[in-house]
Amino acid sequence: MSVISKKDFGCLADGRPVFLYTLTNANGTALSICTYGGHVQFLRTKDADGAEVDVVLGYDDVETYVNEDKYIGALIGRCGNRIARGRLHIGGKDYQLECNNGRNHLHGGTLTGFNKKLWQAEETAEGLKLTYTSPDGEGNYPGTLQVAVWYDLTDDDAVTIRYEAVSDADTVCNLTNHTYFNLNGCGSGSVLDQEIQLFSDFFTESDAESLPNGNIVAVAGTPMDLRELTPIGRHIDDDYVQLRQARGYDHNWIVRRDESQAVPTAYGTVYPMAYAVGNRTGITLTAYTSQPGVQFYTGNYLDGTPLGKGGAVFDRRSGFCLEAQYYPNALEHPEFPQPSLKKGDVWKALTIYKLGRK
């Protein structure tokens, strides 16, 4: 069981204090979580030579988290990824959400997204528990949504993120985490020489606005085939319409539900979604989830601002994300798994990011 410590991390403009909680396990691996936005602020582990490496992007102060718009390390909700034109139709009623990504809704909204909320924290036997109540009508979402998220760090270097949510009215819910990983270290430059493997045979084809169009496409014979360990940069700039439109990888892959690879846990079954290797450090990352999809994003819109921890410059493709999720734009495609939450039901999800050394 990890040891949890707490320290001040500044205040918001209205004077509310923000705290940084750090979970440290028996190996010295350490995970830090900010109560503003539930951001993963650092994740420090040892490389193959025993040197300490911080493998996630992050910022040194809460002011930067308040002002940044790249979702660095953020806890995402009420509904992660994109909703076409911000339109919801629930229980015979239409709801118009903020269109904060061109003509579409992204990650819960500019100010109403959970990455811009102050969460309450509690140290528990199951790790650090964050809670937030999103009132009915916040961001024009229906229903009061009560959310709990547990972050834990096990002694085998697995970061577990467990989500639960309940609403007093029918609504949508799709919580995820938007940590940017760089297995060579925060601020070490491009991730293109790092290797990735996605446990997926299909992806959801997207249009020019990164909205899935309903087509489920086999990865075989395309640059989206990452079933074998592959340098991230090997095909990222191929002349392939999906990559041209998104400026690289920023797509939803369907997680393979291979029962022979299923991993039972105390909180439900998870399946492997990705494996990655830092080419210079030998640090590995194996990711598992209970969710049906994963958005593999290669930081195509990082632009060097704002500066990161210790003055690090987060240029384009200096981090990658593995966002466990329901498929984007699922509400427009009823054949997709749906991020629907009925009144009184409990929404649950579990994602695990396990570190290792090659």
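Quick caveat, the model's predicted, so the values are computed rather than measured.
Around atom NZ of K46, no more than 12 heavy atoms belonging to other residues, nucleotides or ligands sit under 6.0 Å away. Residue E228 places its CD atom among 12 or fewer non-hydrogen atoms of other residues, nucleotides or ligands, all under 6.0 Å distant.
Of all the heavy atoms in T269 and A262, the pair that sits closest is CG2-CB, 3.7 Å. Between Q96 and N140, the shortest heavy-atom distance links the atoms O-ND2, 2.9 Å. Closest approach of G58 and C186 over heavy atoms only: N-SG, 4.4 Å. Shown here for G319 and L302, the closest heavy-atom pair between the two residues is N-CD1, 4.2 Å. Closest heavy-atom contact between S318 and L57: O-CD2, 3.8 Å. In terms of heavy atoms, I161 sits closest to Y353 at CD1-CE1, 4.0 Å.
Residues D157 and N25 have side chains in contact (heavy-atom distance under 4.5 Å, counting atoms from C-beta outward). A 4.5 Å side-chain heavy-atom check between L322 and L198 finds at least one atom pair inside the cut-off. Counting only heavy atoms from C-beta outward, the side chains of L331 and P339 approach each other to under 4.5 Å. Side-chain contact between S32 and Y21: absent, with no pair of heavy atoms (C-beta onward) separated by less than 4.5 Å. Contact annotation: the side chain of Y59 approaches that of E68 to within less than 4.5 Å [non-hydrogen atoms, C-beta and beyond]. A 4.5 Å side-chain heavy-atom check between C79 and L97 finds every atom pair outside the cut-off. The shortest side-chain heavy-atom distance between I232 and F296 falls under the 4.5 Å cut-off. You'll find the side chain of C321 stays beyond 4.5 Å of the side chain of F181, heavy atoms only.
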Worked check of side-chain hydrogen bond (donor to acceptor under 3.5 Å, both in side chains) between T29 and N27: CA-CA 5 Å; T29 297; N27 303 322; 5.0 Å; no
Evaluation steps, side-chain contact (heavy atoms from CB on, under 4.5 Å), between Y249 and I196: CA-CA 12 Å; Y249 293 116; I196 190 75; over 6 Å; no
Evaluation steps, ring pair (Phe, Tyr, Trp, His ring centres under 6.0 Å), between Y132 and F114: CA-CA 8 Å; Y132 175 70; F114 290 173; 5.5 Å; yes
Trace of the side-chain hydrogen bond (donor to acceptor under 3.5 Å, both in side chains) decision for S2 with T24: CA-CA 5 Å; S2 55; T24 305; over 6 Å; no
Worked check of side-chain contact (heavy atoms from CB on, under 4.5 Å) between R78 and S134: CA-CA 8 Å; R78 186 179 292 200; S134 178; 2.8 Å; yes
Evaluation steps, side-chain hydrogen bond (donor to acceptor under 3.5 Å, both in side chains), between D250 and Q295: CA-CA 6 Å; D250 188 9; Q295 189 88 2; 2.9 Å; yes
From CA spacing to verdict: side-chain contact (heavy atoms from CB on, under 4.5 Å), Q245, V241: CA-CA 6 Å; Q245 288 176 166; V241 64; 3.6 Å; yes
Test log, rule side-chain contact (heavy atoms from CB on, under 4.5 Å), inputs V55 and N182: CA-CA 5 Å; V55 297; N182 186 321; over 6 Å; no
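Using a cutoff of 4.0 Å between basic side-chain nitrogens and carboxylate oxygens, K129 and E123 are not scored as salt-bridged. Between D193 and R234 no salt bridge is recorded (no basic side-chain N to carboxylate O distance below 4.0 Å). Under a 4.0 Å N-O distance rule, the pair D303/R316 does not qualify as a salt bridge. Salt bridge E259/R257: absent, no basic N to carboxylate O contact under 4.0 Å. A salt bridge links R244 with D239: the distance from a Lys NZ or Arg NE/NH1/NH2 to an Asp or Glu carboxylate oxygen falls below 4.0 Å. Using a 4.0 Å cut-off between charged nitrogen and carboxylate oxygen, K309 and D54 count as a salt-bridge pair. Using a cutoff of 4.0 Å between basic side-chain nitrogens and carboxylate oxygens, D225 and R227 are scored as salt-bridged.
There is a side-chain donor-acceptor pair under 3.5 Å between N279 and N184. Between the side chains of T298 and N300, at least one donor N or O sits under 3.5 Å from an acceptor N or O. For E323 and N177, the side-chain atoms include no donor-acceptor pair closer than 3.5 Å. At a cut-off of 3.5 Å, with distance as the only test, no side-chain donor of Q325 or Q291 sits close to an acceptor on the other residue.
Residue D201 holds its CG atom at 12.0 Å from CD1 of I216, rounded to the nearest 0.5 Å. In this structure, the separation between SG on C11 and CZ on R16 is 10.5 Å, given to the nearest 0.5 Å. Annotation: the span from E195 atom CD to L183 atom CG amounts to 11.0 Å, rounded to 0.5 Å. Atom CG of N252 is separated from atom OG of S206 by 7.5 Å, given to the nearest 0.5 angstrom. Distance CD/Q194 to CD1/I283: 9.5 Å, rounded to 0.5 Å. A distance of 6.0 Å separates CD in E52 from CZ in R44, rounded to the nearest 0.5 Å.
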Residues 143-153, side-chain donor-acceptor partners within the protein, below 3.5 Å, at least two apart:
unit_1 : atom_1 : unit_2 : atom_2 : d
T144   : OG1    : D136   : N      : 3.1
Y151   : OH     : G38    : O      : 2.7

Hey, can you pull the donor-acceptor pairs under 3.5 Å for the side chains in residues 104-112, sequence neighbours left out?
unit_1 : atom_1 : unit_2 : atom_2 : d
N104   : OD1    : R85    : N      : 2.8
N104   : OD1    : R85    : NH1    : 2.8
N104   : ND2    : E209   : OE2    : 3.4
H105   : ND1    : E98    : O      : 2.7
H105   : NE2    : G108   : N      : 3.4
H105   : NE2    : Y141   : OH     : 2.7
H107   : ND1    : N81    : N      : 2.9
T110   : OG1    : E98    : OE2    : 2.6
T112   : OG1    : G108   : O      : 2.8

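Between the side chain of N215 and the backbone N or O of T204 there is no donor-acceptor pair closer than 3.5 Å. Between the side chain of S167 and the backbone N or O of D170 there is no donor-acceptor pair closer than 3.5 Å.
Criterion: ILVMFWY side-chain heavy atoms under 4.5 Å apart, direct or through other members. Under it, I76 and V56 are not part of a common hydrophobic cluster. Under the 4.5 Å side-chain heavy-atom criterion for grouping Ile, Leu, Val, Met, Phe, Trp and Tyr, L75 is not connected to V172 through any hydrophobic cluster. In the hydrophobic clustering of ILVMFWY residues, with side-chain heavy atoms under 4.5 Å counting as a link, V219 and V217 come out together. Clustering ILVMFWY residues whenever any of their side-chain heavy atoms sit less than 4.5 angstrom apart, transitively, puts F9 in the very cluster that holds L12.
For residues 30-50, the set of pairs meeting the ring pair (Phe, Tyr, Trp, His ring centres under 6.0 Å) definition, not counting sequence neighbours, comprises H39-Y65.
F199 has its ring centre no less than 6.0 Å from the ring centre of W253. Aromatic pair Y180/H178: centroids less than 6.0 angstrom apart.
A cation-pi arrangement, defined by a distance under 6.0 Å to the six-membered ring centre and an angle within 45 degrees of its axis, is present between K6 and F19.
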